[in-house]
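These notes concern the structure reproduced below.
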Amino acid sequence: MSAHPTLQIYNTLTRTKEPFRTVAAGKVGIYLCGPTVYDKAHIGHMVGPVIFDCITRYLTYCGYDVNWVVNITDVDDKLINKANERGITMLDVAEENIKDYRDNLAALGVDQISHFPRATDCMDEIIAFIAQLIERGFAYASEGDVYFDVLKDEAYGKLSNRSVAETLGDGGDQAARKRSPADFALWKSAKPGEPSWESPWGPGRPGWHIECSAMSKKLLGETFDIHGGGLDLVFPHHENEIAQSECCHAAPMVTYWAHNGLLRRDPSAGKIGGKSERDAGADDGGGGKMSRSKGAGGLADLIKKQGGERIRFFLLRTHYRSTVLFSEPAIEEAGIGLDSFHRLFKRYTRVTGKDFYAIKPPTKRGAAARGLATPSYEKFLAAMDDDFNTGGAIGELFELARLANKYCDDHDLENAGKTNTAAVAEFTTLLTTLKELSNILGIFTTAPAASGGGELLSQVMQVVIDLRAESRAKKNFAVSDAIRDALKPLAIAIEDRAGGAEWTGGGDGAVDGVMQLLINLRATSRQSKDFATADAVRNRLAAIGVTLEDRAGGTEWTKA
RNA sequence: GGCGUCGUAGCCAAGUGGCUAAGGCAUCGGAUUGCAAAUCCGACAUCGUGGGUUCGACUCCCACCGACGCCUCCA
C-alpha cells in the first residue's frame with residue numbers, strides 16, 4: 001500500500017494540518033510517551049493510548065505496517081520517594097504500577113502496542129546516547145552530572161515556539177553546575193542510598209528526557225513518523241527530546257508531533273492530576289476537584305463500575321486535541337448511546353440467528369459492495385482522514401444504526417420478512433459495515449460481559465418471563481404488569497418481542513430480588529385462590545433446583 | 001507578562017466562505033404496542049460580543065469578553 005494522501009494530521013511543530021507521508025514506504029513508526037509509574041493511573045493517562053490505539057488501527061486498515069512504541073518511565077525522583085515512603089524498592093513500586101497501567105489499557109481495549117520499553121532496560125543505549133552528545137559538543141559533564149548545552153542548539157524552542165531566553169528559569173537546585181539555567185540534565189549523579197547505574201561519569205541515573213530519545217532511536221530509528229503525548233509534554237519534555245535527538249543525529253527526529261488534549265473534571269478545576277489538584281492538598285470535597293490520591297487510584301475502580309467500553313467510547317466522542325470535561329454522569333450518558341447499538345446487535349441475531357461479534361468484515365480499506373451503508377462509510381473515512389476525527393466518525397456509526405433499524409422495520413425482518421433473503425442480505429451488509437468501522441475505533445470488538453448474577457439469575461428470569469407470558473396470554477395484564485414493574489427497582493428491564501420477551505440488566509443482589517418477586521407473586525396468587533399460578537411458581541423453581549420453604553416469618557428459598 | 005488552544009441548541013459534540021449547520025443525551029408530538037419498553041417519523045441553534053474583508057461569514061482578519069493549557073513535575 002502506498003502513501004495515503006487524503007489523510008491529514010495536525011502537527012504541533014508547524015501548527016497546521018499536513019498531508020500524511022511516511023519515512024519508509026508502507027511503514028509507520030509511532031512513539032507515545034507513557035507514564036511515570038510512581039502511582040496508580042488516572043483516567044487522563046488513557047486519552048493518549050486510546051486515540052493512538054485508534055490511529056494504529058486506522059493506519060493498519062489503510063494498509064500500513066505500524067510499529068507503535070509506548071515507553072514506561074520506571075526510574076525517577078518520584079519513584080525513589082515513593083519507594084522510601086513505603087519502605088519497598090523502586091522496582092517494586094514500578095512493577096505494581098505497571099501492572100495497574102497495563103490492566104487499565106486492556107480494559108479499555110488498547111491492544112495495538114508493539115513495544116513497551118522500560119527506561120531501566122535501556123541503560124546501555126541511554127549512556128551511549130549521552131556519550132555521543134558529549135562527543136559532538138552538545139553536552140558536558142559537571143560534578144558527576146551531565147547537562148545538555150541548550151545554547152549550542154540553534155533550533156531549540158521550535159516545537160513549543162519560544163526562544164531560549166524565554167525558557168531561562170533560575171536553573172533549579174543544580175544551577176551552579178550548569179553553564180546556562182536553561183540546560184537540562186541528561187545524567188544525574190546518585191545521592192547516597194539512591195538506585196544507580198555505572199556510567200563514564202560515575203554512578204547515577206538518566207534525566208527524564210533522554211530515555212525517550214534513546215528508546216525511540218533503538219526501536220524506531222533516528223527519524224520516525226509520529227510522536228505523541230499529552231499537550232502538557234510539549235515543553236519541556238518534547239522540546240528537549242528534539243534537541244537531544246536532532247543534535248545527536250543531525251537529522252529530523254519526527255515528522256508529525258501529535259498532542260492530545262487534557263481531561264478536566266470541572267470547568268474551573270484545571271486538568272486532572274494538574275496543579276490545582278496538587279495544590280488543593282487534603283480533599284475538602286468542594287469545587288468538584290479530584291485530589292491526587294483520589295484521582296490517582298480511581299481509574300481501576302471507575303473501569304470496574306462503568307466498564308472499559310463506555311470509557312473508551314466517551315473519550316472517542318470528542319476530538320483528541322480537545323479538552324474533555326470528565327464526569328461519571330457524562331460517561332453514563334455515553335453508555336446510553338452505546339446501549340442502542342447493543343440492542344441493534346441483538347436484533348441482528350433475532351433476524352439472522354448469527355452473532356454480531358462473530359462477523360468478519362473487510363480488514364483493509366478498499367472497494368466492497370456496501371449498499372445502503374456506502375454514504376456513511378465514506379463519511380466515516382473522511383472524518384478519520386481529517387486528523388482522526390473520531391467524534392465525527394461516531395456520528396456516522398449512529399447513522400448506520402438508524403438505517404439498519406429502519407430497514408429492519410420497513411421490511412419486517414423480525415417476522416414475515418425473515419424469509420426475504422435479499423432484504424436480510426442488505427440488512428447484513430449494514431451490520432457488516434458497522435462492524436468494519438467500529439473495529440477501526442476498537443469498540444464492539446467483544447460482547448459485553450454478561451449481567452451480574454450469573455447463571456442462576458438467567459434461569460430464574462426465564463421462569464419469570466414464562467409466567468408473565470402465560471398471564472399475558474390469558475389477558476391477565478394485572479399480573480404481567482406487576483411483574484414488569486417489580487423488576488424495575490432491580491434494574492432489570494423487560495422488552496416484549498414477537499419471539500418472546502427479552503430482559504436486560506440485573507447485578508449483584510438481583511437474584512434475591514427476583515426470587516422475592518416470585519415469592520410475593522406466589523403469596524398473592526394464593527390469596528386470590530389462583531393456585532394454578534402459585535403452584536407453577538414453586539414447580540418451575542424446583543425444576544431449576546430452587547426450593548421454597550414456607551416459614552412463620554415468610555418464605556425462604558434455597559438453591560440445591 | 002510570553003507562547004498557545006477554545007467559546008456551535010437545556011447538556012455533550014462534528015462541521016462548512018454561499019444548497020435543509022452531522023450525531024448523541026434530555027424534552028415534546030406522532031406511528032407501533034393490551035399498556036410499556038425498544039424501533040421509526042417529526043419538533044427543538046439567527047454558531048461568545050463588537051467591528052472589518054467579501055456579492056455573501058458561523059466559517060477569514062482585528063478588538064473585546066470569557067474559559068483552559070504551557071512557561072516547574074505532569075498523559
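Computed over heavy atoms, backbone and side chain alike; hydrogens, waters and symmetry mates excluded. Residue numbers begin at 1 in each chain, while the letters A, B, ... track the order of the sequences.
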For [X], report the nucleic acid contact type (base, sugar-phosphate, nothing); a contact means any heavy atom under 4.0 Å.
X: A:L262; result: base
X: A:F398; result: sugar-phosphate
X: A:G228; result: nothing
X: A:I394; result: nothing

Proximity of A:F341 and A:F398 rings by center, below 6.0 Å: yes

Pair A:H209 and A:F184, ring centroids less than 6.0 Å apart: yes

Minimum side-chain heavy-atom gap A:R265-A:L325 below 4.5 Å: no

A:I311 vs A:M46 side-chain heavy atoms within contact, under 4.5 Å: no

Ignoring hydrogens and angles, answer whether the base of [N] and the side-chain atoms of [X] contain a donor-acceptor pair closer than 3.5 Å.
X: A:R15; N: B:G4; answer: no
X: A:D481; N: B:G34; answer: yes
X: A:R484; N: B:C35; answer: yes
X: A:R343; N: B:A38; answer: no
X: A:D232; N: B:C71; answer: no
X: A:E333; N: B:G24; answer: yes

